[in-house]
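Structure record follows, encoded as structure tokens.
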Amino acid sequence: AKLILDYRDPWTSHDRIYSKIFGKKINKFVEKASVKHAAGLVFCSQIMKANFLESFGKYTKAPCHVVTNGFHNNDTVQPLSLGKSRKNMVYAGILYGERRIKLIAGPLCHLLKEGTVSQENFCLHVFGKLMDIDKKVIKEYGLQDIIIEHSPVSQEKMIQYLKGADILLLFSGSDVSYALPFKIFDYLSVKRPIFAVAPEKSSVADIMNRVDCGRLALINSEELILKSLRAMLKKEDEYTFSGADEYTWDERGFKYMEVIDEIE
């Protein structure tokens, strides 16, 4: 049988802590052996592929492909409203690593002071547990009335809330620049405007530049985050979601079959 290695996350090149004394060395030995034996390799993003080749490219001559994750269209899903009298921004999931509420707290505070947003016309809904560090920032910036924490809900219900939102918030950090989180595909599935805050050289930035689905603000520029957020709240642009169909599961499946056929 031909072996295909599919990387959705890095293996030993990931900056993780191993519980066993020689865990890292053992895993690296196994990864090298697996790579040498592989007839083909698949990666979830171009950046992950490039990072892999830098670390393990010398151990394989097998073809390397990129097949991202994907989404099923949720065009027929009935939206759930979070309040029709205001603009509702939704973040689905937990915040960790470089993905912190502070990235948007400063810009929101600025918009609050200038009167662009208020408790009556805007709310950021976080469906997932906020860490103490995020709660502290919310209090420091005086955003308790416009950032609301919700308990996690089922995937089915979350999709309905996403479909009913005005803006979907997406964070990505330099610590996971290779990653395309499932969150972005859930967001694309409902075709609601996405506000992404990410590094310039990241997989999230790549997909935001490829698909007409919202605005990208660079993670290291509070000024750009403020400018982009203000524009989205004023609804200056309409988004066609041109390019999104490339990421449906049907298209991803056809791509994967091409990879398998090439190896056979």
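What you are looking at is a predicted structure, and each value in this text was computed from that prediction instead of being measured. Computed from heavy atoms alone, side chains included, the values below leave out hydrogens, waters and symmetry copies.
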Work out which heavy atom in [X] is nearest to a heavy atom in [Y]; give both atom names and the distance.
X    : Y    : answer
F71  : F185 : CB-O, 3.3 Å
L226 : P107 : CD1-O, 3.7 Å
P199 : L218 : C-CD2, 4.3 Å
I219 : V197 : CA-CG1, 3.8 Å
P181 : V204 : CD-CG2, 3.9 Å
M232 : I194 : CE-O, 3.7 Å

What pairs meet the side chain to side chain donor-acceptor pair (under 3.5 Å) rule with one or both residues in [range], with sequence neighbours excluded?
range            : value
residues 242-251 : R210-E246, R210-Y247
residues 180-190 : N74-S189, Q155-D186
residues 39-54   : S45-S203
residues 83-92   : R86-N88, N88-H125

Residues that F122 engages under ring-ring contact (aromatic ring centres under 6.0 Å, His included), provided they are two or more places apart: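 Partners of F122 under the ring-ring contact (aromatic ring centres under 6.0 Å, His included) test: none.
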pair [X]-[Y]: side-chain heavy atoms closer than 4.5 Å:
X    : Y    : result
Q78  : K163 : no
S81  : Y161 : no
F127 : P152 : no
L188 : V211 : yes
P10  : F52  : no

Who are the salt bridge (Lys or Arg N to Asp or Glu O under 4.0 Å) partners of D166, not counting sequence neighbours?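 With neighbours one apart ignored, the set is empty.
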For D212, give me all partners under salt bridge (Lys or Arg N to Asp or Glu O under 4.0 Å), at least two apart in sequence or on another chain.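 Here no residue qualifies.
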Taking side chain to side chain donor-acceptor pair (under 3.5 Å) as the test, write out the residues that go with [X], two or more places apart.
X   : answer
R8  : D6, N69
Y7  : E31
Y96 : none

Will you find, in the side chains of T116 and E114, an N or O donor that is under 3.5 Å from an N or O acceptor?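 Yes, side-chain donor-acceptor contact under 3.5 Å.
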Could you give the distance from [atom1] ([X]) to [atom2] ([Y]), rounded to the nearest 0.5 Å?
X    : Y    : atom1 : atom2 : value
I101 : I138 : CD1   : CD1   : 5.0 Å
R215 : L224 : CZ    : CG    : 10.5 Å
L95  : R100 : CG    : CZ    : 6.0 Å
N27  : K32  : CG    : NZ    : 12.5 Å
L5   : F56  : CG    : CZ    : 11.0 Å
K139 : Q144 : NZ    : CD    : 7.5 Å

For atom [atom1] of [X], is the number of surrounding heavy atoms from other residues, nucleotides or ligands below 6.0 Å larger than 12?
X    : atom1 : answer
K157 : NZ    : no
K24  : NZ    : yes
K191 : NZ    : yes
F182 : CZ    : no

Taking [X] for its side chain and [Y] for its backbone only, find out whether a donor-acceptor pair lies under 3.5 Å.
X    : Y    : value
D134 : L130 : no
K234 : L229 : no
S202 : A198 : no
K2   : A39  : no
E98  : S174 : yes
N121 : S118 : yes
Q119 : D145 : no

Following the transitive rule for hydrophobic clusters with a side-chain heavy-atom cut-off under 4.5 Å over Ile, Leu, Val, Met, Phe, Trp and Tyr, establish whether [X] and [Y] coincide in one cluster.
X    : Y    : value
V42  : L3   : no
F195 : L112 : yes
L169 : L143 : yes
L233 : Y239 : yes
F43  : I4   : no

Intermediate values then yes/no, side-chain contact (heavy atoms from CB on, under 4.5 Å), I148 and H150: CA-CA 6 Å; I148 297 177; H150 298 266; 3.7 Å; yes
Which ILVMFWY residues are connected to F254, directly or by a chain of links, through side-chain heavy atoms under 4.5 Å apart?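 Other cluster members: none.
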How does the hydrophobic cluster around M131 look, that is, which other residues are in it when side-chain heavy atoms under 4.5 Å mark a link?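 When side chains under 4.5 Å apart are linked, the cluster holding M131 also contains I133.
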Using the rule side-chain contact (heavy atoms from CB on, under 4.5 Å), only one of I146, V117, L168, I104 pairs with M89; which is it?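 Single side-chain contact (heavy atoms from CB on, under 4.5 Å) partner of M89 among I146, V117, L168, I104: I104.
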Does a salt bridge link D206 with K201, judged by any charged N lying under 4.0 Å from a carboxylate O?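 A salt bridge is absent here (no side-chain N lies under 4.0 Å from a carboxylate O).
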Criterion side-chain contact (heavy atoms from CB on, under 4.5 Å) on T60 and K36, from CA distance to verdict: CA-CA 5 Å; T60 182; K36 288 178 181 178; over 6 Å; no
Applying side-chain contact (heavy atoms from CB on, under 4.5 Å) to S221 and I225, what does each step give before you reach the verdict? CA-CA 6 Å; S221 174; I225 295 172; 5.7 Å; no
side-chain contact (heavy atoms from CB on, under 4.5 Å) between K25 and T12, intermediate numbers included: CA-CA 9 Å; K25 290 184 177 180; T12 57; over 6 Å; no
